[in-house]
Number of protein chains: 2
Amino acid sequence: MPKYSETEELTGLASELLTHIDVLTQRFLLHKTADLSRTELAVLRTLADGPATMSEVTNSLGMACSSATGVVDRLVDRGLAERTRPDEDRRTVNVALTKRGRHLYDHHTEDRLNLGRGMLEPLEPAERRQLLALFRKITNR
Amino acid sequence: MPKYSETEELTGLASELLTHIDVLTQRFLLHKTADLSRTELAVLRTLADGPATMSEVTNSLGMACSSATGVVDRLVDRGLAERTRPDEDRRTVNVALTKRGRHLYDHHTEDRLNLGRGMLEPLEPAERRQLLALFRKITNR
DNA sequence: TATTGTTATACTCTATAACTATA
DNA sequence: TATAGTTATAGAGTATAACAATA
């Protein structure tokens, strides 16, 4: 007969889980790379799949279009993105990564992958697979 | 003989892990509660352990003290925190939660715990313990 | 003179509302 | 008239540098 109920255990484990996530967030995920803000990175990630209109950018990021204007302004100023007005519909704006923007994004992606490797590094190969199996069950993917 | 090396497997698992973390961040951790910003929550969490000076707040959060002034200003304006000048050293400022601030923080804490429970909910009890054991090994706690 | 905190200033990020250009 | 995007404006969050009060 257990000392406490499954509900009580769940609460304790949930609390501990949140602490672990906080630690990992501090240790790995807030690690800034490439002098790019969270927002700038989100826009670059969207553009990495190919050029997009401002509407597509804002839909993808869930932000107001007036906010996106400023972010893209700064990316353009830094030579990371380019705007063009397509002749098909001159109301829209096409935004695309420049070569430099692509390079910076790839650099960030590699850095991020290293953080992921760093997280798994303390585990044995079998444990890593175990962890991923549990994550799949949680996210249902 | 494996089809690919352990290094290649690590990279693949790391990439998948980061995707799972992104999903969980979107699904659970960015869930806003109680109309408190990230920064405001961080300050409340510091104050929840007891009153603190501005220096203690800024050290705890790793922010510039000029930034903390504004955040605490807004918390005070909203009736969530109070400033006092202690007679022992009148250069310092003591910041403490008000009853309302405490209440709001407790409310947030309970919401957050529910998110943690929600994350573990799809797992069997034994799997939950397994997951936590792996997290302990990763964070070394 | 050293320490604690605020003020001044500036930049990013965000949103709502008004506006321009195009369809 | 409807749509795509920018501009105007405002507030939060951040930092550096200058400043005031206290030790």
Ion pair present between B:Arg141 and A:Glu16, side-chain N to carboxylate O less than 4.0 angstrom?
no
note: A:Asn59, atom CG; D:dT3, atom P; distance rounded to Å ~ 14 Å
Cationic N near anionic O, under 4.0 Å, A:Arg117 to A:Glu110:
yes
When you match B:Ser55 and A:Arg38 each to their closest nucleotide on DNA chain C, which lands nearer the 5' end?
B:Ser55
Polar pair under 3.5 Å, donor/acceptor by atom type, side chain A:Arg91, base D:dT3:
yes
Send over the distance from B:Glu56 CD to C:dG5 C1', rounded to a whole Å.
13 Å
Rounded to whole angstrom units, what separation is found between the CD atom of B:Glu40 and the P atom of D:dA12?
8 Å
Separation of D:dA4 atom P from A:Asn94 atom CG, nearest Å, is 13 Å
Test item: B:Arg85 and B:Val93 side chains (from C-beta on) under 4.5 Å apart, heavy atoms:
yes
Distance below 4.0 Å between A:Thr39 side-chain N/O and C:dT14 OP1 or OP2
yes
The side chain of B:Thr92 is closest to which nucleotide in this list: C:dT4, C:dT6, C:dC13?
C:dT4
Is there a side-chain contact between A:Arg83 and the phosphate of D:dT6, meaning an N or O under 4.0 Å from OP1 or OP2?
yes
In residues 61-77 of chain B, which ones come under 4.0 Å of DNA chain D, going by heavy atoms?
B:Met63, B:Ala64, B:Ser66, B:Ser67, B:Arg74
Pair B:Ser60-B:Thr46, side-chain donor/acceptor within less than 3.5 Å
yes
Nearest whole angstrom, please: distance from the C1' of D:dT14 to the CG of A:Leu36.
17 Å
Under 4.0 Å between a Lys/Arg side-chain N and an Asp/Glu carboxylate O for A:Asp22 and B:Arg112?
yes
Would you mind reading off the distance between B:Asp87 atom CG and D:dA21 atom C1', rounded to a whole angstrom?
15 Å
Find the distance B:Arg85:CZ to D:dT22:P and express it as a whole number of Å.
7 Å
Atom pair distance, as rounded to whole Å: CG in A:Asp89 and C1' in D:dA4
8 Å
Any carboxylate oxygen within less than 4.0 angstrom of a Lys/Arg side-chain nitrogen, looking at A:Glu9 and B:Arg129?
yes
Which label fits A:Phe135 and B:His20: parallel for a plane angle under 30°, tilted from 30 to 60°, or perpendicular past 60°?
parallel
